[in-house]
Each structure stands twice: as C-alpha cells, then as structure tokens.
Amino acid sequence: MSKFELAPLPYAYDALEPYIDKQTMEIHHSKHHQAYVNNLNAAVAGTDAEGKSLEDIFANVSKYAPAIKNNGGGVWNHNFFWSILAPKGEAPKGALAEAINASFGSFEDFKKAFTTAATTRFGSGWAWLVAVNGKLVITSTPNQENPLMDVAEVKGSPILTLDVWEHAYYLKYQNRRPEYIENWWNVINWNHVAELLAKAK
Ligand code: MN
C-alpha cells in the first residue's frame, strides 16, 4: 500500500529570508510537516481511507476519524503552503490581477481583507483565497481544516493560503502575528497562484 511521504521543499530553508527565517522553515518542514505525514499514515492504516487520495478523503472528511482530518489536513495544507511561496515575490498580473480587482475592488483592498482574515483567525488555523464559481472569496479555517473539506464554511478551489499557527512564526516574531503577515506578502509565488486560478473549477 502506498504511503504518504514528505516532499522536499521546492527551495532552500533559507530562501525566504529575511521574511521567513531559516530555522522556522527547517523545523516547520522537517519536524511539523513530517509529523503530520507520519501520523496520517498511522491514522489511515487498516481503515477504508487507506489508499485514497487526500482530496477524496476531504470530500467526505466528516465521516472519518478526527486524526485523519487533522493529519490529512496538516499534510495537504503544508504541501499547498510551500507551493505558493517563492524567494522573490512579484505582483499579481494578467487574469489573476483582474480577478482580484473584480472581486475586491483593488489589490490594496484585497490585501487588507486577507490580512484581517489571517489576523483575526482565533488560535491556530489558516487564511485562504478560494475560487468559488468564478469569484474569489477570502475565508479562514480552524486547526488543519481547509476549503476542500465537507465541513468547511466556504468550499471551493484554494489558490492562496497563509499558515497562522504559532509554529509558523513564533521563533522570529513571537506574539507579533500581524508583523509576520505583513512580511509574508513579500514571498508569494504569484505565478503559481495564477496557474491555480486558471485551473480552478
Ligand atoms: Mn504549519
């Protein structure tokens, strides 16, 4: 039976310095993300989730054990988060920039709304930009939930996310989540976000 594995980061641990520091990236990927992978493999073993894709599990996640939701979300959300980061973020352009303007008025208004969602998510969780029936919507989820799950308040195709668990920023920013969020805007892989939007249902 194939098992879930930790994929290598698509860049070096220090690639997002100074905005996201090397030590945080290394612990986040090699310890936290690895633990979700290990715990997910243990949680699905011998259940009817074994061998299923995470997307298939998420569509009916409320029927599975909490450990499968928590660790499955932990694996998928981090894979997705690494993919939308890049050492040198530029600005959204083309169809992505147009979609942001159409949904939020301007990039500045979008940035403000996304920052509010990320800042006000109580405790551990994620902020998301999601494509829903051709519109872009900002949402946030608790713990390791995501918009692909049947339990999500807003369901759709994620095209951007931000991890606001303390483990994502505490070493460098301590309790200053807003400063972490503000710096994160410098390391977004907008080309990949644009690809995700083009493929979104
Ligand atoms: Mn995390």
Side-chain angles (χ1 to χ4, degrees), residues 3-44 54-55 57-58 61 64 66-87 89 114-130 138-149 151-154 157-189 192-193 196:
K3 290 201 162 188
F4 294 102
E5 286 179 13
L6 182 69
L9 281 185
Y11 34 73
Y13 285 130
D14 63 0
L16 308 179
E17 290 269 10
Y19 306 110
I20 304 180
D21 61 290
K22 179 184 178 184
Q23 191 186 17
T24 296
M25 288 299 292
E26 186 160 8
I27 294 173
H28 201 170
H29 177 259
S30 72
K31 306 292 186 198
H32 291 278
H33 196 178
Q34 180 72 65
Y36 291 119
V37 170
N38 297 346
N39 293 337
L40 176 61
N41 282 321
V44 300
L54 286 175
E55 288 80 1
I57 292 171
F58 293 162
V61 81
Y64 292 97
I68 292 178
K69 179 176 81 169
N70 294 338
N71 293 293
V75 170
W76 193 95
N77 292 353
H78 287 92
N79 284 336
F80 187 72
F81 185 46
W82 309 139
S83 81
I84 60 85
L85 300 175
F114 191 95
T115 295
T116 299
T119 308
T120 59
R121 164 47 59 189
F122 183 77
S124 298
W126 298 75
W128 303 89
L129 180 62
V130 183
I138 291 166
T139 186
S140 72
T141 57
N143 304 313
Q144 295 295 358
E145 292 181 10
N146 68 46
L148 299 175
M149 294 182 174
V151 295
E153 215 171 293
V154 173
S157 305
I159 67 167
L160 180 70
T161 195
L162 175 57
D163 186 347
V164 294
W165 281 59
E166 282 187 348
H167 69 224
Y169 62 86
Y170 206 86
L171 288 176
K172 182 177 172 75
Y173 296 100
Q174 291 85 51
N175 61 319
R176 304 188 304 279
R177 187 193 286 191
E179 193 180 323
Y180 157 68
I181 296 168
E182 183 57 33
N183 280 332
W184 168 76
W185 291 98
N186 292 294
V187 288
I188 298 172
N189 186 346
H192 185 54
V193 176
L196 291 166

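First listed ligand is number 1; within each ligand, the first listed atom is number 1. No experiment lies behind these values; they were computed from the predicted model shown. Below, all heavy atoms of this structure are taken into account, side chains as well, without hydrogens, waters or symmetry copies.
- None of the N, O or S atoms belonging to H33 lies under 2.8 Å away from the Mn ion (ligand 1).
- E55 and W76 form a side-chain donor-acceptor contact under 3.5 Å, judged by distance and modelled atom types alone.
- The nearest N, O or S atom of H28 is closer to the Mn ion (ligand 1) than 2.8 Å.
- Shown are Q23, H29, H28, K22; of these, the side-chain hydrogen bond (donor to acceptor under 3.5 Å, both in side chains) with Y13 is made only by H29.
- Nearest to the Mn ion (ligand 1), among the N, O or S atoms that D163 has, is OD2.
- Rounded to the nearest 0.5 angstrom, H33 NE2 and W82 CH2 are separated by 7.5 Å.
- Our summary of the site lists the angle at the Mn ion (ligand 1) between NE2 of H78 and NE2 of H167 as 130°, to the nearest 10 degrees.
- No side-chain N or O of E145 forms a donor-acceptor pair with one of W126 less than 3.5 Å apart.
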